[in-house]
Amino acid sequence: DCLALNPVIEELMSTKWQDGVVSDYVYLGTTIFPLPYHVHSWQVGWLVPYFMDLCEVDASTCYLDQYKDFSYKSQPQILSMKTTSQDDFIPWWSAQVATELGLKEADIEAVYGSSDTHDTAWTIRELWKYATGKGVNATPTTFINGVHLDSTPTTVSDWIELLDSIQK
């Protein structure tokens with residue numbers, strides 16, 4: 001469902017609203033929430049803290065958006081890899097990500113190892129637990145100003161209508 005909503009959110013953020021565009025007025029935050037029934041979603045999500053660290057060190061090495069888009073593009077293939085073990089998936093995914101983003105494969109694969117200096121294994125758990133603690137149990141789940149919405153708008157016009165109702 002997040003894959004389907006992604007283009008809507010991207011369009012929403014550049015939609016004219018008030019005296020500018022939505023992104024001028026709305027901060028969009030996302031939290032990774034790998035669902036246990038999505039095969040290899042944990043291993044895909046595991047790289048998010050690594051890319052977050054890269055962003056903090058140098059914004060020019062921030063690959064979060066590219067990684068999100070590549071992960072969504074790869075989702076059908078990944079979900080079909082039901083008979084691929086985690087031990088086989090990690091080097092395959094590391095090679096895919098490295099090629100797509102122009103990074104060193106060894107650097108990506110190291111994130112999954114015991115010498116990971118980014119502490120991604122722990123951080124992905126923290127992100128998941130944070131979301132669970134807030135009441136997330138499915139995706140997408142939406143909060144506005146800390147208030148959990150009963151349902152997530154699925155069109156730009158529905159989002160604009162919601163934002164307009166909040167603005168009043």
Side-chain angles (χ1 to χ4, degrees), residues 1-79 86 89 93 97 100-101 108 111-112 116 118-168:
D1 292 334
C2 288
L3 172 62
L5 190 60
N6 185 53
V8 173
I9 296 299
E10 288 182 357
E11 181 183 345
L12 170 68
M13 296 307 282
S14 62
T15 297
K16 290 183 190 276
W17 188 57
Q18 296 187 358
D19 295 325
V21 295
V22 171
S23 63
D24 294 337
Y25 300 94
V26 173
Y27 168 76
L28 174 67
T30 58
T31 299
I32 185 85
F33 194 76
L35 296 170
Y37 52 83
H38 283 175
V39 66
H40 301 300
S41 65
W42 194 259
Q43 290 78 42
V44 172
W46 200 313
L47 292 179
V48 171
Y50 167 71
F51 289 120
M52 290 169 59
D53 281 357
L54 293 181
C55 293
E56 282 186 32
V57 171
D58 180 0
S60 69
T61 63
C62 187
Y63 297 95
L64 278 170
D65 283 339
Q66 295 94 321
Y67 184 66
K68 171 192 58 98
D69 292 341
F70 181 63
S71 297
Y72 282 150
K73 182 174 92 175
S74 303
Q75 188 178 39
Q77 182 177 7
I78 293 168
L79 292 177
Q86 178 177 317
F89 179 80
W93 183 239
V97 171
E100 178 70 19
L101 301 180
I108 301 298
V111 171
Y112 295 102
D116 172 27
H118 300 276
D119 203 19
T120 56
W122 182 256
T123 305
I124 189 68
R125 284 175 176 81
E126 285 179 332
L127 293 169
W128 193 87
K129 288 177 182 181
Y130 171 80
T132 303
K134 291 288 191 181
V136 175
N137 61 10
T139 63
T141 300
T142 306
F143 296 83
I144 295 182
N145 296 332
V147 177
H148 180 248
L149 300 184
D150 290 335
S151 63
T152 299
T154 57
T155 66
V156 172
S157 60
D158 288 345
W159 275 104
I160 295 296
E161 183 178 322
L162 176 61
L163 293 173
D164 285 342
S165 71
I166 293 169
Q167 183 60 30
K168 292 180 182 181

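Remember, it's a predicted structure, so these values are computed and weren't measured experimentally. The first residue in the sequence is number 1, and the count goes up from there.
Gln18 CD: more than 12 foreign heavy atoms inside a 6.0 Å radius. In the displayed structure, Asp19 atom CG is contacted under 6.0 Å by at most 12 heavy atoms of other residues, nucleotides or ligands. Shown here is Tyr130, whose OH atom has no more than 12 heavy atoms of other residues, nucleotides or ligands within 6.0 Å.
Distance alone, capped at 3.5 Å, is enough to place a donor-acceptor pair between the Ser14 side chain and the Glu11 backbone. Side chain of Thr120 to backbone of Val111: a donor-acceptor contact under 3.5 angstrom is found. Side-chain N or O atoms of Asp24 include one that pairs as donor or acceptor with a backbone N or O of Val21 at under 3.5 Å. The backbone N or O of Val97 lies less than 3.5 Å from no partner atom in the side chain of Tyr67, so there is not a single donor-acceptor pair. A donor-acceptor pair under 3.5 Å is absent between the side-chain atoms of Thr139 and the main chain of Cys2, judged by distance alone.
Between Asp158 and Val8, the closest side-chain pair of non-hydrogen atoms is not below 4.5 Å. Side chains of Leu162 and Ile166 form a contact here, defined as non-hydrogen atoms less than 4.5 Å apart. Residues His38 and Val44 form no side-chain contact, since every pair of their non-hydrogen atoms from C-beta on lies 4.5 Å or further apart. Side-chain contact between His40 and Trp46 is absent, with no heavy-atom pair separated by less than 4.5 Å.
Counting all heavy atoms, side chain and backbone alike, Ile32 lies closest to Gly45 at CD1-CA, 3.9 Å. Nearest heavy-atom pair across Ala131 and Thr31 is CB-CG2, 4.0 Å. Smallest separation of non-hydrogen atoms from Met52 and Leu64: CG-CD1, 4.0 Å. Scanning all heavy atoms of the two residues, the minimum distance from Asp1 to Pro140 falls at CB-CD, 3.4 Å. Nearest heavy atom pair, residue Leu149 against residue Pro153, reads CD1-CD, 4.2 Å. The two residues Trp42 and Arg125 come nearest to each other via the heavy atoms CZ2-CG, 3.7 Å.
Using cut-offs of 30° and 60° for the angle between ring planes, the Trp17 and Tyr25 rings count as perpendicular. Aromatic ring pairs are classed by plane angle as parallel below 30°, tilted from 30° to 60° and perpendicular above 60°; the pair Trp128 and Phe33 is parallel. Using cut-offs of 30° and 60° on the angle between ring planes, the pair Trp93 and Phe70 is parallel.
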*Could you go through the side-chain contact (heavy atoms from CB on, under 4.5 Å) check for Thr141 and Lys134 one step at a time?*
CA-CA 10 Å; Thr141 300; Lys134 291 288 191 181; over 6 Å; no
_Could you walk me through whether Glu10 and Asp69 satisfy the side-chain contact (heavy atoms from CB on, under 4.5 Å) test, starting with their C-alpha distance in whole Å, then the side-chain angles of each, then the deciding distance to 0.1 Å, before giving a yes or no?_
CA-CA 11 Å; Glu10 288 182 357; Asp69 292 341; 3.5 Å; yes
*Can you check side-chain contact (heavy atoms from CB on, under 4.5 Å) on Leu12 and Ile160, steps first, answer last?*
CA-CA 8 Å; Leu12 170 68; Ile160 295 296; 3.8 Å; yes
_Phe51 and Asp65: CA distance, side-chain angles, deciding distance, side-chain contact (heavy atoms from CB on, under 4.5 Å) verdict_ = CA-CA 10 Å; Phe51 289 120; Asp65 283 339; over 6 Å; no
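No hydrogens or angles considered: a donor-acceptor pair under 3.5 Å links the side chains of Gln43 and Gln86.
Partner of Trp159 under the side chain to side chain contact (heavy atoms under 4.5 Å, CB included) criterion, out of Thr152, Thr154, Thr15: Thr152 alone.
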